[in-house]
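Throughout, protein chains are lettered first and strands after them, A, B, ... in sequence-line order, and every chain is numbered starting at 1.
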Amino acid sequence: MNSKHLIIIAGPTAVGKTDLAIHLARHFGTEIINADSRQIYREMVIGTAVPSADQLAVAKHHFIGHKSIHDYYNASFFENETITLLDRLFAQFDAVIMTGGSGMYIDAVCRGIDDIPTVSQQIRNQLHAEYLKIGLAGIQTRLRELDPAYFHIVDQSNPKRILKALEIAEMTGKPYSSFLSGKVKQRNFSTVKIGLNIPRQDLYNRINNRVDVMMAHGLLQEADGLRNFRHLNALNTVGYKELFRFFDGIGSLEEAVDQIKAHTRQYARRQLTWFRRDKELRWFQPDENELILEYLQCKMNA
RNA sequence: GGUGCCAUAGCUCAGUUGGUAGAGCAACGGACUGAAAAUCCGUGUGUCCGUGGUUCAACUCCACGUGGCACCA
């Protein structure tokens, strides 16, 4: 068994992951890696509920605000950056905490994803323009010709999945499916996964309240300052896109805020769907600190 | 007080020339190997305000009641 442990804290947004992560970081005298795909952008602070200055002072956090919304970023970049960082941290600590709500980012670190060349911005733009021109049926046809194997397993009504495969085929001249090994990468550390959840109604109350708090803290101003960049992927994000619509004159501010709450609830449900599938995850309530520590000790000494 | 209009899903509303009802949003379930807070798929959850009446049959027509809105006093 490995003596280095990555402790994962997963769960839906607003469930209380940050508080537990800080508690555990203090207990183990270690640091925290953020696995939230939006908190990495330094321009997005209020709307992504990054930990407060006080919280950040208690435990060192990595990958919060370390990128700009103008940077291209994805799960593979996150995997590579995190593995590099972990090499350094495990030289110093026996345990490291990773917390966040982006299931794909967490899996990229725990299991790895296949190495595929990064697609150039030019090809991405080109294929997107193509999609607008020939539509879903058009890109489906192209994928069936270029990569029949993937065409049969892909969600054919999801343009993003089809475009990704076409981008890779265009970029490399090889079918996307030829890069998919499905192999789990071996890591030089072990993982322990904690899932946090609370009754649905409590979660929704916390989400609704947190959106009100974000608005009180100036989310409207933050979004206003970013409206010129709304075309960037980073800003295709709950809490911002609804306010951009409001700036366009679509609906009232109250309606926009209600939409942010509803879309955040839906996001939380999608997170739960993702995490429920992971059988390595052990579920707790966020206030069960003692039980969680007991479980961690047990797993880490095994 | 009078007149008119309205009352259908959690919300906003459509609809049935009388045969127990549907759309958007919400809600719920699922997928997901480089945009993942993204993207995509599936599910209608209902005393059709109440009580009587007409009818083989009423959510639909009639009467009364209740609640809401508007206008007139």
Self-check item: Syn or anti for B/G34 (syn when the glycosidic angle lies within 90° of 0)
Solution: syn
Quiz prompt | Interatomic distance, A/R269 atom CZ to A/T264 atom OG1 [nearest 0.5 angstrom] | solution =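 One finds 11.5 Å between CZ of A/R269 and OG1 of A/T264.
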Quiz prompt | Approximate separation, where rounding is to 0.5 Å, of A/L143 CG and A/Q156 CD | solution = 8.0 Å
Distance between the [atom1] atoms of [N] and [M], in whole angstroms?
N     : M     : atom1 : result
B/G24 : B/U43 : P     : 12 Å
B/C48 : B/A58 : C1'   : 11 Å
B/C59 : B/U51 : P     : 10 Å
B/A27 : B/A38 : P     : 13 Å
B/C62 : B/A26 : P     : 37 Å
B/G42 : B/C61 : P     : 36 Å
B/C41 : B/A7  : C1'   : 36 Å

Exercise. Let me know, please, whether A/G182 or A/D36 comes out on the 5' side of the other along RNA chain B by nearest nucleotide.
Key: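 Residue closer to the 5' terminus by nearest nucleotide: A/G182.
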Quiz item: Base, sugar-phosphate, or nothing: which does A/R265 touch, judged by heavy atoms less than 4.0 Å apart?
Solution: sugar-phosphate
Exercise. Can you figure out which of B/U33, B/G34, B/A38 approaches the side chain of A/K241 most closely?
Key: B/A38
